[in-house]
Amino acid sequence: MPVASVQKILTPLNDAQRKAVMHLEGPLLMLAGPGSGKTRVITHRIAYLISQGVPARSILALTFTNKAADEMRNRLSTLVPGAPSWAGTFHRFCARLLRQHSSMVGLTENFSIYDTGDSRKVVKHAIETAKVNSQHYSADSLINQISFLKARGLTPADFEPRPGHPLDQIISRVYPEYQTQLKLANAVDFDDLLLHTVDLLRHNPELRESLDCMYQHVMVDEYQDTNHAQYQLIRLMNHNTQNLSVTGDPDQSIYGWRGADLNNILEFERDYPDAVIVRLEHNYRSTRSILSVADQLIENNLRRKPKKLLTDNQQGDAVRLVTYTSPREESDDIADNINLTVQQGGRSPSDFAIFYRANWLSRSLEHALRKLAIPYQIVNGHEFYQRREIKDVLAYLHLINNPRDNIAFERIVNVPSRKIGKVTLGRLRSYARTENICLLDAARKCGLIETISKGAATKVAKFVALFDELSVLEAEVVESIIQQVVAKTGYREWLIQDDSEEGHERAGNVDELIVSAQEFDLEHPEDGGLEAYLEQSALVSDTDAWEADANFVTLMTIHAAKGLEFPSVFIVGCEDGILPHERSQENDDEIEEERRLLFVGITRAQENLQLSRCVSRFKRGAFWPAIASRFLLELPRAEMKIVEPSSVDFVPNDDFSDQQVPFDVDPWMHEGIQINDSGPDTPEQQDELTEAGPSPAPPKPSRAASGKPDFPRLMTGTDLAKQAAGRTHTLEFQLGMRVEHDEYGQGTIAELSGTNIKRTATVDFDGIGSKRFRLAFCNLRIVSSG
DNA sequence: ATTCGCAAAGTTTTT
DNA sequence: CTTTGCGAAT
């Protein structure tokens with residue numbers, strides 16, 4: 001590699017960064033504070049290794065999200081074009097490895113990956129089959145326990161119930177049964193991906209050795225969030241060559257609740273006595289004001305490695321600490337704020353992010369942003385895949401890919417309704433259980449099952465015939481499989497049979513899925529296919545859905561915000577019981593993790609930061625008094641800008657801890673009713689008042705399942721928003737409209753589906769035929785409204 | 001077998 | 001305020 005390239009790699013680095021980048025062999029620990037250029041160091045280090053003759057394919061980079069891996073690949077390709085090193089998440093890496101060696105862990109390569117909902121169903125079955133009395137323990141708590149055991153790398157055989165712990169006794173019966181049923185279904189849960197891989201490497205020294213040899217350099221990002229299973233995996237792959245480099249920040253460890261072990265990073269030096277340690281303490285991201293607040297907060301944690309946050313950046317604006325009377329006011333004020341700043345030309349919507357502790361806190365924010373027509377995106381990637389209709393269609397795909405997938409079978413055997421009921425299914429299940437076969441095979445033999453009546457058997461046989469017809473599709477592109485599944489099963493007609501709005505909404509979501517499959521097919525001409533698609537849909541992470549380049553305000557949980565940065569950040573709901581969360585107050589460790597969470601949120605901000613709390617919050621159908629988060633008292637209030645509301649008369653101070661009575665529900669504060677302010681003088685406000693009722697044109701509800709009046713996620717109704725979003729207003733398009741496209745000329749809108757940025761139109765072009773478009777990304781002009 | 005209705009419970013955070 | 005679950009009626 002030419003000297004010039006090496007210069008390009010090393011020049012943009014500071015001393016500490018350069019030291020890390022030029023570290024060639026042996027274990028390396030990078031303690032990287034927020035905004036210290038961690039990703040840059042990792043990519044430059046990979047580039048440097050390659051420049052020193054290390055083959056790219058021998059470098060393995062494990063990241064926390066797919067997004068981070070993509071980012072890394074992109075940056076690397078500008079430094080070293082065409083370097084084929086592997087970067088991805090632990091779960092993906094393990095899935096890939098397991099598919100190659102599935103038989104060694106009792107699976108076949110087409111195994112299904114179960115999400116938490118699926119796992120919960122399996123646990124429920126396991127509870128029934130194991131005949132334990134679990135009345136005092138919810139299925140959820142059992143799932144958590146099992147997941148926790150798995151995170152610690154404990155198989156059912158490893159688990160020793162402690163005497164005197166009733167829960168342990170139950171676990172010791174349910175856990176093995178749970179694993180048995182998963183194996184029977186040729187399925188794994190998220191934890192299994194790691195656990196099975198560890199198992200695989202433990203019991204196959206040759207394989208372990210060959211991986212060790214293949215990946216000479218292993219890099220792990222966000223090491224503070226690894227759990228014990230991941231730790232074991234890393235150690236297994238570093239037996240011979242200890243070229244392991246990890247980056248992390250103990251102060252940013254926020255996944256303890258799912259088994260992440262802070263000790264992994266705190267004791268790295270003990271595990272690898274030769275480890276070189278590099279501290280990246282120079283912050284390139286935030287103003288002094290912001291860093292000072294972050295610093296003072298995190299100093300309250302005892303379990304940490306003291307670390308300073310240094311910067312050359314300017315002092316910047318004071319961090320604002322605002323008290324609002326209600327979430328409504330909080331949301332409206334933030335939306336106002338964003339709106340004004342954008343109008344003054346200082347910022348664009350994508351400069352802003354709003355963080356919260358729990359997803360439900362986004363509701364009032366959405367409402368407020370919509371009112372002002374501020375374009376926004378909610379980062380909540382799982383939400384779409386949780387919808388019933390999506391899970392149904394995916395269940396068909398799962399069953400096609402893996403006929404042993406019992407959960408998928410149960411989900412769709414009677415969807416759309418085939419008059420196969422609980423009783424028949426129960427008989428099928430017990431037959432399958434005694435014969436030790438999967439449900440589909442049991443269904444094939446339903447004629448032989450004495451308990452099943454002739455009539456029921458015919459229906460089941462018909463379903464099996466339908467399945468066989470579908471299973472032929474396996475090798476086709478995913479879009480085509482879904483299209484045919486939806487058609488041949490009559491699923492679409494079933495959705496819209498009652499012609500309800502909800503039904504059409506659901507059908508629209510299925511279309512959205514088809515579009516996403518289409519995109520997947522296009523993006524994966526070589527490595528695609530049904531199995532890959534299902535794996536991808538199972539392993540998407542929330543942040544993966546985040547679109548960095550779109551010009552939207554970003555709404556996300558603080559967890560999802562990890563690794564990102566924004567010029568202006570709002571953190572809402574800094575209240576006791578929310579942050580720290582009420583379920584995280586049992587011990588100091590949990591409180592410290594909550595404190596780190598706020599630390600992570602604060603350190604995402606580059607220039608402006610506002611922390612806010614409300615004096616009352618709408619919860620469980622009533623307004624409840626809300627106490628300020630204890631963390632707010634730990635901040636350097638003297639250097640912050642404190643804003644109190646003009647009328648906090650009903651809560652004189654923060655000492656409200658004993659009162660557990662909701663306020664009377666105050667009609668003035670209800671969503672959708674504005675009486676405080678001036679009445680509905682302007683047409684715009686009129687719209688606001690009627691928006692909860694039926695309105696003639698779309699906005700389509702974006703949450704079909706909830707049935708509550710909802711509003712489009714992306715509101716681009718004003719010139720401001722159009723300008724800001726830099727794209728056509730996606731909601732204006734109507735069926736039958738005449739539109740014009742640069743390439744295809746004029747045509748008529750034949751079909752509309754999907755919502756928000758996924759809103760898709762099918763256009764019949766004159767003399768050309770029909771084409772599908774994502775409205776947010778195409779250049780369709782309206783010619784006339786048809 | 002499905003549908004409807006009511007009651008109770010419950011709201012972290014995510015691969 | 002939601003969602004989920006269960007039980008009774010059709």
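Just the heavy atoms: all of them, side chains too, but no hydrogens, waters or symmetry mates, feed the values below. Predicted, not measured: the structure shown is a model, and the values here were computed from it. Per chain, numbering begins at 1; letters A, B, ... match sequence-line order.
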Task: Proximal nucleotide (of B:dT11, B:dT2, B:dT15) relative to the A:Arg258 side chain - done: B:dT15
Open item on the list: Nearest to the side chain of A:Arg583, heavy atoms from C-beta on, is which of B:dT12, B:dT15, B:dG10?
Closed with: B:dT12
Open item on the list: Considering every strand and a 4.0 Å limit on heavy-atom distances, what is the contact class for A:Ser584: base, sugar-phosphate, or nothing?
Closed with: base
TODO: Measure distances between side-chain N and O atoms of A:Trp257 and base N and O atoms of B:dT13, and say whether any donor-acceptor pair falls under 3.5 Å.
DONE: yes
TODO: Identify, between A:Lys419 and A:Glu594, the residue whose nearest nucleotide on DNA chain B lies closer to the 5' end.
DONE: A:Lys419
Open item on the list: One pair to check against side chain to side chain contact (heavy atoms under 4.5 Å, CB included): A:Phe355 and A:Thr557. What are the steps and the verdict?
Closed with: CA-CA 5 Å; A:Phe355 302 151; A:Thr557 63; over 6 Å; no
Task: Closest-nucleotide 5' rank along DNA chain B - winner of A:Ile420 and A:Thr557 - done: A:Ile420
Open item on the list: Nearest to the A:Phe618 side chain among C:dC1, B:dT15, B:dA1, which nucleotide is it?
Closed with: C:dC1
- [ ] Would you indicate what A:Tyr255 reaches in the nucleic acid, counting non-hydrogen atoms under 4.0 angstrom: base, sugar-phosphate, or nothing?
- [x] sugar-phosphate
Task: Which atom of A:Asp405 lies closest to which atom of A:His398, heavy atoms considered - done: OD2-CB, 3.6 Å
Open item on the list: Side-chain N or O of A:Lys562 versus OP1/OP2 of B:dT15: is the shortest distance under 4.0 Å?
Closed with: no
Task: Between C1' of B:dT12 and CD of A:Glu593, the distance in whole Å - done: 11 Å
Open item on the list: Can you check the distance between B:dT12 and C:dG5, where both ends of the measurement are the C1' atom (answer in whole Å)?
Closed with: 22 Å
TODO: Quick one: label A:Lys67 by what it contacts on the DNA or RNA (base, sugar-phosphate, nothing), any heavy atom closer than 4.0 Å.
DONE: nothing
TODO: If the plane angle is over 60° it's perpendicular, under 30° parallel, otherwise tilted; pick one for A:Phe64 and A:Tyr255.
DONE: tilted
Open item on the list: Between B:dT14 and A:Phe190, is there a base-stacking contact, meaning the centre of the base's six-membered ring lies under 5.5 Å from the residue's ring centre while the planes stay under 30° apart?
Closed with: no
Open item on the list: Counting only side-chain nitrogens and oxygens, does A:Ser541 get under 4.0 Å of the OP1 or OP2 atom of B:dT15?
Closed with: yes
Open item on the list: side chain to side chain contact (heavy atoms under 4.5 Å, CB included), that's the test. Do A:Leu564 and A:Met556 meet it? Break it down for me.
Closed with: CA-CA 11 Å; A:Leu564 305 178; A:Met556 53 168 69; 3.5 Å; yes
- [ ] Answer yes or no: does a side-chain N or O of A:Arg363 lie under 4.0 Å from OP1 or OP2 of C:dC1?
- [x] no
Open item on the list: I want to check one thing: is the phosphate of B:dT12, taken as OP1 and OP2, less than 4.0 Å away from some side-chain N or O of A:Arg357?
Closed with: no
- [ ] Could you state the atom-to-atom distance from NZ of A:Lys150 to P of B:dT15 in whole Å?
- [x] 18 Å
Open item on the list: B:dT2, OP1 or OP2 - any side-chain N/O from A:Asn414 closer than 4.0 Å?
Closed with: yes
Open item on the list: Just the rounded figure in Å: distance from P of B:dA9 to NZ of A:Lys619.
Closed with: 17 Å
TODO: Ignoring backbone atoms, establish whether A:Ser417 has a side-chain N or O less than 4.0 Å from OP1 or OP2 of B:dA1.
DONE: no
TODO: Check the distance between B:dT11's P and A:Tyr356's OH and give it to me in whole angstrom.
DONE: 19 Å
Task: Backbone of A:Lys38 reached by a side-chain donor or acceptor of A:Asp221 within 3.5 Å - done: no
Task: Distance, rounded to the nearest Å, where A:Arg427 contributes CZ and B:dA1 contributes C1' - done: 13 Å
TODO: Measure from the side-chain heavy atoms of A:Thr89 and tell me the nearest of C:dG5, B:dT14, B:dT15.
DONE: B:dT15
- [ ] Choose from B:dT2, B:dT14, B:dT15 the nucleotide whose nearest atom is closest to any side-chain atom of A:His91.
- [x] B:dT15
Open item on the list: Rounded to whole Å, please give me the gap between NZ in A:Lys459 and C1' in B:dA1.
Closed with: 8 Å
- [ ] Identify which nucleotide among B:dT13, B:dT2, B:dT11 has an atom closest to any side-chain atom of A:Asn359, counting heavy atoms from C-beta outward.
- [x] B:dT13
- [ ] Find the distance A:Gln585:CD to B:dT13:P and express it as a whole number of Å.
- [x] 16 Å
Task: Aromatic-base stack, A:His581 on B:dT12, cutoff 5.5 Å, angle under 30 - done: yes
Open item on the list: By the 4.0 Å heavy-atom rule, please label A:Thr424 as base, sugar-phosphate, or nothing.
Closed with: sugar-phosphate
TODO: Check step by step if side chain to side chain contact (heavy atoms under 4.5 Å, CB included) holds for A:Ile452 and A:Val460.
DONE: CA-CA 10 Å; A:Ile452 292 183; A:Val460 173; 5.6 Å; no
Open item on the list: My understanding is that only one of A:Glu575, A:Arg357, A:Gln585 makes a side-chain contact (heavy atoms from CB on, under 4.5 Å) with A:Pro580; could you say which?
Closed with: A:Gln585
TODO: Could you check which of B:dT2, B:dT15, B:dT13 has an atom nearest any side-chain atom of A:His382?
DONE: B:dT15
Open item on the list: In whole Å, I'd like the distance from the CD1 atom of A:Ile378 to the P atom of B:dT13.
Closed with: 12 Å
